[in-house]
Asker: 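Shown below is the structure under consideration.
We count ligands from 1, going down the list as the structure has it; atoms in each ligand are counted the same way. Because the structure is a prediction, the values reported are computed rather than measured.
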Amino acid sequence: MNSFVALISGLALAGSAVAWNGATAASIPTPVRPVSNGLALTPPMGWNSWNRFGCNVSDSLIRGMADAIAASGMRDAGYQYVTIDDCWQVARDANGTIVADSARFPHGIKAVADYVHSKGLKFGIYTDAGHFTCQHRPGSYGHEAQDAKTYAGWGVDYVKVDWCNADGIDAPAQYAKIKEALLHAGRPIVFSICEWGSNRPWEWADTTGNLWRTTGDIWDNYQSMVANADLNMQYWRSAGPGHWNDPDMLEVGNGGMTPDEYRAHFSLWAVMAAPLIAGNDVRAMVDTTSREARITRSILLNKEVIAVDQDSLGVQGMIVQDYPPELQVWVKPLKDGSKAVVLFNRASVPSEITASWWRVGIRTRKAEVRDLWAHKDLGVMQDRYRATVPSHGVVMVRVTPIAD
Ligand code: GLA
(Lines give C-alpha, C1' and ligand atoms only; values in the text may rest on other atoms or scores of the structure.)
Protein backbone atom coordinates (compact mmCIF):
# COMPACT_ATOMS: atom_id res chain seq x y z
CA MET A 1 0.00 0.00 0.00
CA ASN A 2 1.55 3.33 -0.92
CA SER A 3 1.59 6.05 1.70
CA PHE A 4 -1.29 8.00 0.16
CA VAL A 5 -3.51 4.93 0.15
CA ALA A 6 -2.53 4.42 3.77
CA LEU A 7 -3.23 8.06 4.46
CA ILE A 8 -6.67 8.21 2.92
CA SER A 9 -7.81 5.00 4.51
CA GLY A 10 -6.68 6.34 7.85
CA LEU A 11 -7.86 9.92 7.75
CA ALA A 12 -10.50 10.58 10.34
CA LEU A 13 -11.99 13.80 11.54
CA ALA A 14 -11.37 15.01 15.05
CA GLY A 15 -12.99 18.40 15.35
CA SER A 16 -11.53 20.43 12.54
CA ALA A 17 -8.17 18.73 12.69
CA VAL A 18 -7.13 15.72 10.70
CA ALA A 19 -6.21 12.77 12.86
CA TRP A 20 -4.46 9.64 11.82
CA ASN A 21 -5.32 6.10 12.81
CA GLY A 22 -2.42 3.76 12.81
CA ALA A 23 0.46 5.00 10.67
CA THR A 24 3.98 6.09 11.42
CA ALA A 25 4.51 9.78 12.14
CA ALA A 26 6.61 10.12 9.00
CA SER A 27 3.63 9.41 6.76
CA ILE A 28 1.38 12.02 8.35
CA PRO A 29 0.97 15.12 6.21
CA THR A 30 0.32 18.47 7.80
CA PRO A 31 -2.78 19.70 6.02
CA VAL A 32 -3.36 22.58 8.43
CA ARG A 33 -0.50 25.00 9.01
CA PRO A 34 -0.40 28.49 10.45
CA VAL A 35 -1.54 30.91 7.79
CA SER A 36 -0.09 34.34 8.29
CA ASN A 37 -2.70 36.32 6.36
CA GLY A 38 -5.64 34.00 7.06
CA LEU A 39 -6.70 34.01 3.39
CA ALA A 40 -7.41 31.33 0.78
CA LEU A 41 -8.54 28.70 3.26
CA THR A 42 -9.92 26.95 0.19
CA PRO A 43 -8.16 27.14 -3.20
CA PRO A 44 -8.65 30.58 -4.79
CA MET A 45 -11.20 30.79 -7.61
CA GLY A 46 -11.44 33.49 -10.22
CA TRP A 47 -10.48 34.61 -13.70
CA ASN A 48 -7.20 35.89 -15.17
CA SER A 49 -6.54 37.64 -18.48
CA TRP A 50 -3.33 35.88 -19.55
CA ASN A 51 -4.34 32.54 -21.12
CA ARG A 52 -6.82 34.06 -23.56
CA PHE A 53 -5.81 37.68 -23.96
CA GLY A 54 -2.06 37.89 -23.27
CA CYS A 55 -0.98 41.54 -23.40
CA ASN A 56 -4.28 42.66 -24.88
CA VAL A 57 -5.71 43.91 -21.57
CA SER A 58 -7.78 47.05 -21.10
CA ASP A 59 -10.32 48.79 -18.91
CA SER A 60 -13.19 47.68 -21.14
CA LEU A 61 -11.99 44.07 -21.27
CA ILE A 62 -11.89 43.77 -17.49
CA ARG A 63 -15.24 45.50 -17.01
CA GLY A 64 -16.81 43.29 -19.68
CA MET A 65 -15.39 40.22 -18.03
CA ALA A 66 -16.65 41.26 -14.60
CA ASP A 67 -20.13 41.76 -16.09
CA ALA A 68 -19.97 38.32 -17.72
CA ILE A 69 -18.67 36.60 -14.60
CA ALA A 70 -21.70 37.92 -12.77
CA ALA A 71 -24.20 37.25 -15.61
CA SER A 72 -22.98 33.75 -16.52
CA GLY A 73 -23.33 32.35 -13.02
CA MET A 74 -19.56 32.15 -12.52
CA ARG A 75 -19.63 34.51 -9.56
CA ASP A 76 -22.39 32.55 -7.84
CA ALA A 77 -20.45 29.33 -8.45
CA GLY A 78 -17.53 30.79 -6.46
CA TYR A 79 -15.27 32.50 -9.02
CA GLN A 80 -14.21 35.58 -7.15
CA TYR A 81 -10.87 37.14 -8.10
CA VAL A 82 -10.75 39.00 -11.43
CA THR A 83 -7.07 39.48 -12.19
CA ILE A 84 -5.27 41.62 -14.77
CA ASP A 85 -2.09 39.76 -15.67
CA ASP A 86 1.00 41.24 -17.38
CA CYS A 87 1.09 44.41 -19.53
CA TRP A 88 -1.09 46.84 -17.56
CA GLN A 89 2.00 48.78 -16.38
CA VAL A 90 4.35 50.93 -18.44
CA ALA A 91 6.72 52.92 -16.23
CA ARG A 92 7.52 54.42 -12.83
CA ASP A 93 7.04 58.12 -12.12
CA ALA A 94 9.58 60.42 -10.45
CA ASN A 95 8.59 59.05 -7.01
CA GLY A 96 9.01 55.49 -8.16
CA THR A 97 5.26 54.85 -8.16
CA ILE A 98 4.14 52.33 -10.77
CA VAL A 99 2.25 53.87 -13.71
CA ALA A 100 -0.53 52.09 -15.62
CA ASP A 101 -0.86 52.26 -19.42
CA SER A 102 -3.10 55.31 -19.81
CA ALA A 103 -4.24 54.35 -23.30
CA ARG A 104 -5.51 50.97 -22.13
CA PHE A 105 -6.63 52.10 -18.67
CA PRO A 106 -7.73 55.72 -19.22
CA HIS A 107 -9.46 55.92 -15.83
CA GLY A 108 -6.60 54.30 -13.92
CA ILE A 109 -6.52 50.97 -12.15
CA LYS A 110 -8.53 52.02 -9.11
CA ALA A 111 -11.56 52.74 -11.30
CA VAL A 112 -11.37 49.20 -12.70
CA ALA A 113 -11.01 47.75 -9.19
CA ASP A 114 -14.02 49.78 -8.03
CA TYR A 115 -16.07 48.45 -10.94
CA VAL A 116 -15.06 44.86 -10.24
CA HIS A 117 -15.99 45.35 -6.58
CA SER A 118 -19.35 46.86 -7.57
CA LYS A 119 -20.15 43.52 -9.22
CA GLY A 120 -19.59 41.66 -5.96
CA LEU A 121 -16.19 40.38 -7.10
CA LYS A 122 -12.62 40.85 -5.95
CA PHE A 123 -9.77 42.38 -7.88
CA GLY A 124 -6.31 41.03 -8.63
CA ILE A 125 -3.19 42.36 -10.27
CA TYR A 126 0.16 41.06 -11.53
CA THR A 127 3.77 42.04 -10.96
CA ASP A 128 7.21 40.45 -11.01
CA ALA A 129 9.65 39.86 -8.15
CA GLY A 130 12.58 40.77 -10.41
CA HIS A 131 13.55 43.87 -12.36
CA PHE A 132 11.08 43.46 -15.22
CA THR A 133 8.00 41.37 -15.90
CA CYS A 134 8.06 38.61 -18.50
CA GLN A 135 6.76 41.17 -21.03
CA HIS A 136 9.48 43.67 -20.00
CA ARG A 137 7.30 45.97 -17.96
CA PRO A 138 8.72 47.38 -14.68
CA GLY A 139 9.07 44.71 -11.96
CA SER A 140 8.74 45.24 -8.21
CA TYR A 141 12.38 44.63 -7.24
CA GLY A 142 13.44 47.47 -4.91
CA HIS A 143 9.83 48.76 -4.81
CA GLU A 144 8.22 45.96 -2.83
CA ALA A 145 6.68 48.03 0.00
CA GLN A 146 5.82 50.92 -2.30
CA ASP A 147 3.99 48.69 -4.78
CA ALA A 148 2.13 46.85 -2.02
CA LYS A 149 0.86 50.19 -0.67
CA THR A 150 -0.10 51.36 -4.16
CA TYR A 151 -2.06 48.16 -4.76
CA ALA A 152 -3.80 48.41 -1.39
CA GLY A 153 -4.74 51.99 -2.21
CA TRP A 154 -6.33 50.83 -5.46
CA GLY A 155 -8.32 48.13 -3.68
CA VAL A 156 -6.32 45.13 -4.84
CA ASP A 157 -7.30 41.83 -3.18
CA TYR A 158 -4.91 39.40 -4.92
CA VAL A 159 -1.40 39.76 -6.32
CA LYS A 160 0.32 37.31 -8.66
CA VAL A 161 4.10 37.76 -8.54
CA ASP A 162 6.13 36.39 -11.45
CA TRP A 163 9.83 35.49 -11.64
CA CYS A 164 11.22 36.82 -14.94
CA ASN A 165 14.41 38.92 -15.00
CA ALA A 166 15.35 37.87 -11.49
CA ASP A 167 18.84 36.47 -12.14
CA GLY A 168 20.94 36.41 -8.99
CA ILE A 169 18.01 37.11 -6.68
CA ASP A 170 17.27 34.60 -3.92
CA ALA A 171 13.70 33.40 -4.46
CA PRO A 172 12.69 32.46 -0.88
CA ALA A 173 14.14 35.73 0.48
CA GLN A 174 12.66 37.93 -2.24
CA TYR A 175 9.20 36.38 -1.98
CA ALA A 176 9.40 36.67 1.83
CA LYS A 177 10.10 40.38 1.40
CA ILE A 178 7.01 40.74 -0.77
CA LYS A 179 4.96 38.74 1.75
CA GLU A 180 5.98 41.24 4.47
CA ALA A 181 5.18 44.15 2.18
CA LEU A 182 1.72 42.77 1.47
CA LEU A 183 1.07 42.00 5.14
CA HIS A 184 1.80 45.65 5.96
CA ALA A 185 -0.06 47.15 2.99
CA GLY A 186 -3.20 47.82 5.01
CA ARG A 187 -5.52 45.45 3.15
CA PRO A 188 -5.95 41.66 3.05
CA ILE A 189 -4.22 40.51 -0.16
CA VAL A 190 -3.93 36.94 -1.41
CA PHE A 191 -0.32 36.26 -2.41
CA SER A 192 0.18 34.12 -5.53
CA ILE A 193 3.80 33.07 -6.13
CA CYS A 194 4.63 32.34 -9.77
CA GLU A 195 8.20 31.05 -10.07
CA TRP A 196 7.18 27.92 -12.01
CA GLY A 197 8.64 25.48 -9.47
CA SER A 198 12.20 26.61 -10.28
CA ASN A 199 13.22 26.94 -6.63
CA ARG A 200 11.21 24.05 -5.16
CA PRO A 201 8.54 26.35 -3.63
CA TRP A 202 6.63 23.34 -2.25
CA GLU A 203 9.46 23.16 0.32
CA TRP A 204 9.29 26.74 1.59
CA ALA A 205 6.41 28.73 0.12
CA ASP A 206 3.70 27.42 2.45
CA THR A 207 4.68 30.02 5.03
CA THR A 208 5.20 32.73 2.39
CA GLY A 209 2.38 32.64 -0.14
CA ASN A 210 -1.17 31.36 -0.43
CA LEU A 211 -0.39 29.51 -3.66
CA TRP A 212 2.67 28.79 -5.74
CA ARG A 213 3.12 27.57 -9.26
CA THR A 214 4.67 24.11 -9.47
CA THR A 215 5.12 24.08 -13.25
CA GLY A 216 5.92 26.09 -16.35
CA ASP A 217 3.09 27.72 -18.27
CA ILE A 218 0.12 25.66 -19.36
CA TRP A 219 -0.85 25.67 -23.04
CA ASP A 220 -4.26 24.94 -24.42
CA ASN A 221 -3.60 21.34 -25.38
CA TYR A 222 -3.99 17.93 -23.73
CA GLN A 223 -0.24 17.13 -23.50
CA SER A 224 0.54 20.37 -21.69
CA MET A 225 -2.40 19.97 -19.33
CA VAL A 226 -1.40 16.41 -18.42
CA ALA A 227 2.27 17.34 -18.00
CA ASN A 228 1.30 20.04 -15.50
CA ALA A 229 -1.02 17.66 -13.65
CA ASP A 230 1.74 15.04 -13.36
CA LEU A 231 4.25 17.54 -12.00
CA ASN A 232 1.82 19.13 -9.58
CA MET A 233 0.56 15.80 -8.28
CA GLN A 234 3.94 14.96 -6.74
CA TYR A 235 3.80 17.72 -4.15
CA TRP A 236 0.43 16.85 -2.60
CA ARG A 237 1.88 16.82 0.90
CA SER A 238 2.67 20.55 0.74
CA ALA A 239 -0.88 21.73 0.10
CA GLY A 240 -3.45 22.65 2.72
CA PRO A 241 -5.80 25.43 3.83
CA GLY A 242 -4.15 28.77 3.05
CA HIS A 243 -1.30 27.30 1.00
CA TRP A 244 -1.86 25.52 -2.31
CA ASN A 245 0.09 23.99 -5.15
CA ASP A 246 -0.78 25.75 -8.41
CA PRO A 247 -0.50 23.76 -11.68
CA ASP A 248 -1.42 26.99 -13.57
CA MET A 249 -4.67 28.49 -14.74
CA LEU A 250 -7.51 26.77 -16.57
CA GLU A 251 -7.74 26.54 -20.35
CA VAL A 252 -11.37 25.31 -20.34
CA GLY A 253 -13.29 27.13 -23.07
CA ASN A 254 -10.28 28.25 -25.12
CA GLY A 255 -10.83 25.70 -27.88
CA GLY A 256 -7.64 23.61 -27.91
CA MET A 257 -8.98 20.49 -26.18
CA THR A 258 -11.99 18.24 -26.71
CA PRO A 259 -14.90 18.39 -24.25
CA ASP A 260 -13.66 15.11 -22.71
CA GLU A 261 -10.17 16.58 -22.28
CA TYR A 262 -11.53 19.75 -20.73
CA ARG A 263 -13.64 17.68 -18.33
CA ALA A 264 -10.48 15.74 -17.42
CA HIS A 265 -8.59 19.05 -16.95
CA PHE A 266 -11.26 20.43 -14.62
CA SER A 267 -11.64 17.16 -12.69
CA LEU A 268 -7.89 16.75 -12.14
CA TRP A 269 -7.55 20.35 -10.96
CA ALA A 270 -10.44 19.81 -8.54
CA VAL A 271 -9.12 16.51 -7.18
CA MET A 272 -5.72 18.20 -6.66
CA ALA A 273 -7.33 21.10 -4.76
CA ALA A 274 -5.80 23.42 -7.35
CA PRO A 275 -6.74 27.08 -7.66
CA LEU A 276 -9.57 27.34 -10.21
CA ILE A 277 -8.64 30.42 -12.20
CA ALA A 278 -10.58 30.46 -15.46
CA GLY A 279 -8.70 31.77 -18.48
CA ASN A 280 -11.36 31.89 -21.17
CA ASP A 281 -13.50 34.65 -22.67
CA VAL A 282 -16.34 34.45 -20.17
CA ARG A 283 -18.37 36.87 -22.30
CA ALA A 284 -18.87 34.01 -24.78
CA MET A 285 -20.41 31.86 -22.05
CA VAL A 286 -23.35 34.20 -21.64
CA ASP A 287 -24.61 33.21 -25.11
CA THR A 288 -26.98 30.38 -24.29
CA THR A 289 -27.45 29.18 -27.87
CA SER A 290 -23.96 28.10 -28.90
CA ARG A 291 -22.91 24.50 -28.31
CA GLU A 292 -19.42 25.63 -27.23
CA ALA A 293 -20.85 27.96 -24.63
CA ARG A 294 -23.09 25.23 -23.27
CA ILE A 295 -20.20 22.80 -22.93
CA THR A 296 -17.92 25.38 -21.32
CA ARG A 297 -20.67 26.34 -18.88
CA SER A 298 -21.37 22.72 -17.99
CA ILE A 299 -17.69 22.35 -17.05
CA LEU A 300 -16.78 25.60 -15.34
CA LEU A 301 -20.13 25.73 -13.55
CA ASN A 302 -20.22 22.12 -12.38
CA LYS A 303 -20.95 22.81 -8.74
CA GLU A 304 -20.40 19.21 -7.66
CA VAL A 305 -16.87 19.19 -9.03
CA ILE A 306 -16.20 22.68 -7.66
CA ALA A 307 -17.34 21.43 -4.22
CA VAL A 308 -14.62 18.76 -4.37
CA ASP A 309 -11.99 21.40 -5.11
CA GLN A 310 -13.32 23.68 -2.37
CA ASP A 311 -13.78 20.99 0.29
CA SER A 312 -12.78 22.43 3.65
CA LEU A 313 -10.57 19.49 4.65
CA GLY A 314 -8.13 20.90 2.10
CA VAL A 315 -6.24 17.72 1.25
CA GLN A 316 -4.74 17.52 -2.24
CA GLY A 317 -5.67 14.23 -3.87
CA MET A 318 -3.35 12.07 -5.91
CA ILE A 319 -2.98 8.85 -7.87
CA VAL A 320 -3.65 5.64 -5.95
CA GLN A 321 -3.65 3.28 -8.92
CA ASP A 322 -1.94 3.46 -12.29
CA TYR A 323 -1.59 -0.03 -13.59
CA PRO A 324 -1.44 -0.03 -16.55
CA PRO A 325 -0.06 3.53 -16.45
CA GLU A 326 -2.72 4.90 -18.82
CA LEU A 327 -5.61 3.87 -16.57
CA GLN A 328 -5.47 5.90 -13.42
CA VAL A 329 -7.48 6.29 -10.25
CA TRP A 330 -7.09 9.61 -8.41
CA VAL A 331 -8.58 10.13 -4.93
CA LYS A 332 -9.21 13.15 -2.73
CA PRO A 333 -10.49 12.61 0.82
CA LEU A 334 -13.30 14.97 1.78
CA LYS A 335 -14.39 16.50 5.07
CA ASP A 336 -17.54 14.38 5.45
CA GLY A 337 -15.60 11.11 5.19
CA SER A 338 -16.47 10.52 1.55
CA LYS A 339 -13.87 10.35 -1.25
CA ALA A 340 -13.82 12.10 -4.60
CA VAL A 341 -12.61 9.58 -7.16
CA VAL A 342 -11.48 10.36 -10.70
CA LEU A 343 -11.08 7.50 -13.16
CA PHE A 344 -8.77 9.00 -15.80
CA ASN A 345 -8.17 7.23 -19.11
CA ARG A 346 -4.96 8.39 -20.78
CA ALA A 347 -5.17 5.67 -23.44
CA SER A 348 -6.26 6.40 -27.01
CA VAL A 349 -9.29 4.09 -26.81
CA PRO A 350 -12.21 3.93 -24.38
CA SER A 351 -11.22 1.70 -21.48
CA GLU A 352 -12.69 0.13 -18.39
CA ILE A 353 -11.24 1.30 -15.07
CA THR A 354 -12.01 -0.27 -11.69
CA ALA A 355 -11.60 1.50 -8.37
CA SER A 356 -11.69 -0.93 -5.50
CA TRP A 357 -12.76 0.41 -2.12
CA TRP A 358 -9.52 -0.60 -0.43
CA ARG A 359 -7.53 1.46 -2.96
CA VAL A 360 -9.87 4.40 -2.58
CA GLY A 361 -9.61 4.24 1.20
CA ILE A 362 -13.16 3.07 1.90
CA ARG A 363 -13.19 0.55 4.72
CA THR A 364 -16.78 -0.57 4.54
CA ARG A 365 -17.93 -3.14 2.00
CA LYS A 366 -20.77 -0.98 0.75
CA ALA A 367 -20.71 2.60 -0.40
CA GLU A 368 -23.00 5.02 -2.17
CA VAL A 369 -21.72 6.30 -5.48
CA ARG A 370 -22.72 9.56 -7.14
CA ASP A 371 -21.59 10.55 -10.64
CA LEU A 372 -20.43 14.19 -10.49
CA TRP A 373 -20.59 14.79 -14.26
CA ALA A 374 -23.90 12.99 -14.91
CA HIS A 375 -25.29 14.52 -11.68
CA LYS A 376 -26.81 11.17 -10.85
CA ASP A 377 -26.87 8.79 -7.88
CA LEU A 378 -25.63 5.44 -9.11
CA GLY A 379 -26.80 3.56 -6.02
CA VAL A 380 -25.06 1.36 -3.49
CA MET A 381 -22.01 -0.56 -4.72
CA GLN A 382 -20.10 -3.33 -3.03
CA ASP A 383 -16.28 -3.50 -2.93
CA ARG A 384 -15.64 -1.51 -6.10
CA TYR A 385 -16.85 0.81 -8.80
CA ARG A 386 -16.15 0.08 -12.44
CA ALA A 387 -16.83 2.26 -15.46
CA THR A 388 -15.93 2.60 -19.12
CA VAL A 389 -14.06 5.85 -19.51
CA PRO A 390 -13.66 7.75 -22.81
CA SER A 391 -10.16 8.24 -24.21
CA HIS A 392 -8.49 11.28 -22.59
CA GLY A 393 -11.58 11.58 -20.43
CA VAL A 394 -12.73 10.94 -16.89
CA VAL A 395 -15.54 9.51 -14.87
CA MET A 396 -15.72 11.34 -11.57
CA VAL A 397 -17.68 10.05 -8.61
CA ARG A 398 -18.13 10.75 -4.93
CA VAL A 399 -18.04 7.60 -2.82
CA THR A 400 -19.66 7.64 0.60
CA PRO A 401 -19.11 4.64 2.89
CA ILE A 402 -22.13 2.92 4.43
CA ALA A 403 -21.50 1.44 7.87
CA ASP A 404 -21.48 -2.39 7.75
C1 GLA B 1 4.82 34.06 -17.11
C2 GLA B 1 3.73 33.44 -16.21
C3 GLA B 1 2.41 33.47 -16.94
C4 GLA B 1 2.06 34.91 -17.31
C5 GLA B 1 3.17 35.52 -18.13
C6 GLA B 1 2.98 37.01 -18.37
O7 GLA B 1 5.05 33.27 -18.24
O8 GLA B 1 4.08 32.14 -15.85
O9 GLA B 1 1.38 32.91 -16.13
O10 GLA B 1 1.85 35.64 -16.13
O11 GLA B 1 4.44 35.36 -17.50
O12 GLA B 1 4.01 37.59 -19.05
Asker: From the options D85, T215, D128, select the one whose nearest heavy atom is closest to atom 4 (C) of ligand 1.
Answerer: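 Looking at heavy atoms only, D85 sits closest to atom 4 (C) of ligand 1.
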Asker: Closest non-hydrogen protein atom to atom 3 (C) of ligand 1, residue and atom name please, with distance?
Answerer: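 Minimum-distance protein heavy atom for atom 3 (C) of ligand 1 reads D217 OD2, 3.6 Å.
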Asker: Could you tell me whether E203 and R200 make a salt bridge, using a distance below 4.0 angstrom between a side-chain N and a carboxylate O?
Answerer: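 Counted as a salt bridge, because a side-chain N and a carboxylate O are separated by less than 4.0 Å.
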Asker: Considering only heavy atoms of W196, which atoms of ligand 1 have at least one such atom less than 4.0 Å away?
Answerer: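 Within the 4.0 Å cut-off of W196, ligand 1 contributes 2 (C), 8 (O).
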Asker: Give the atom numbers and elements of ligand 1 that come within less than 4.0 Å of a heavy atom of R213.
Answerer: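 Close to R213: 8 (O), 9 (O).
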Asker: Within the 4.0 Å heavy-atom shell around C194, which atoms of ligand 1 are there?
Answerer: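 Under 4.0 Å from C194, ligand 1 has these atoms: 2 (C), 8 (O).
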Asker: Under the rule for side-chain hydrogen bond (donor to acceptor under 3.5 Å, both in side chains), what residues qualify as partners of W88, not counting sequence neighbours?
Answerer: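 If we apply the side-chain hydrogen bond (donor to acceptor under 3.5 Å, both in side chains) test to W88, skipping adjacent residues, there are no hits.
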Asker: Answer yes or no: is there an ion pair linking R346 with D230, defined by an N-O contact shorter than 4.0 Å?
Answerer: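 Looking at R346 and D230, the cut-off is met.
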Asker: Would you call the rings of W154 and Y151 parallel, tilted or perpendicular, where under 30° means parallel and over 60° means perpendicular?
Answerer: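 Tilted, since the angle between the ring planes falls between 30° and 60°.
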Asker: Is it the case that the side chains of T133 and D162 hold a donor-acceptor pair, with the cut-off being a distance below 3.5 Å and no angle test?
Answerer: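 There is no such pair (donor and acceptor under 3.5 Å, judged by atom type) between the side chains of D162 and T133.
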Asker: Run the numbers for me: atoms of ligand 1, each under 4.0 Å from some heavy atom of K160, listed by number.
Answerer: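 Counting from 1, the qualifying ligand atoms are 3 (C), 4 (C), 9 (O), 10 (O).
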Asker: Name the residue from Y81, W47, F123 that meets the ring pair (Phe, Tyr, Trp, His ring centres under 6.0 Å) definition with Y158.
Answerer: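 Checked Y81, W47, F123 against Y158; only one passes ring pair (Phe, Tyr, Trp, His ring centres under 6.0 Å): Y81.
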Asker: Output every pair passing salt bridge (Lys or Arg N to Asp or Glu O under 4.0 Å) with a member in residues 265-283, not counting sequence neighbours, ordered by first then second residue.
Answerer: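 Residue pairs with at least one partner in residues 265-283: D281-R283.
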Asker: List the closest protein heavy-atom neighbour of atom 12 (O) of ligand 1: residue, atom name, distance to the nearest 0.1 Å.
Answerer: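 Result: D86 OD2, 2.8 Å.
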Asker: At less than 4.0 angstrom from any non-hydrogen atom of W50, what atoms of ligand 1 do you find?
Answerer: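 Result: 4 (C), 5 (C), 6 (C), 12 (O).
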Asker: Could you list which atoms of ligand 1 come closer than 4.0 Å to a heavy atom of Q135?
Answerer: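 Answer for ligand 1: 12 (O).
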Asker: Do me a favour and list the nearest non-hydrogen protein atom to atom 1 (C) of ligand 1 with residue, atom name and distance?
Answerer: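 Closest protein heavy atom to atom 1 (C) of ligand 1: D162 OD2, 3.0 Å.
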Asker: Please list, in number order, the atoms of ligand 1 under 4.0 Å from a heavy atom of C134.
Answerer: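 Numbered from 1, ligand 1 contributes 1 (C), 11 (O), 12 (O).
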Asker: Any salt bridge between D86 and R137, counting N to O under 4.0 Å?
Answerer: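 No salt bridge links D86 with R137.
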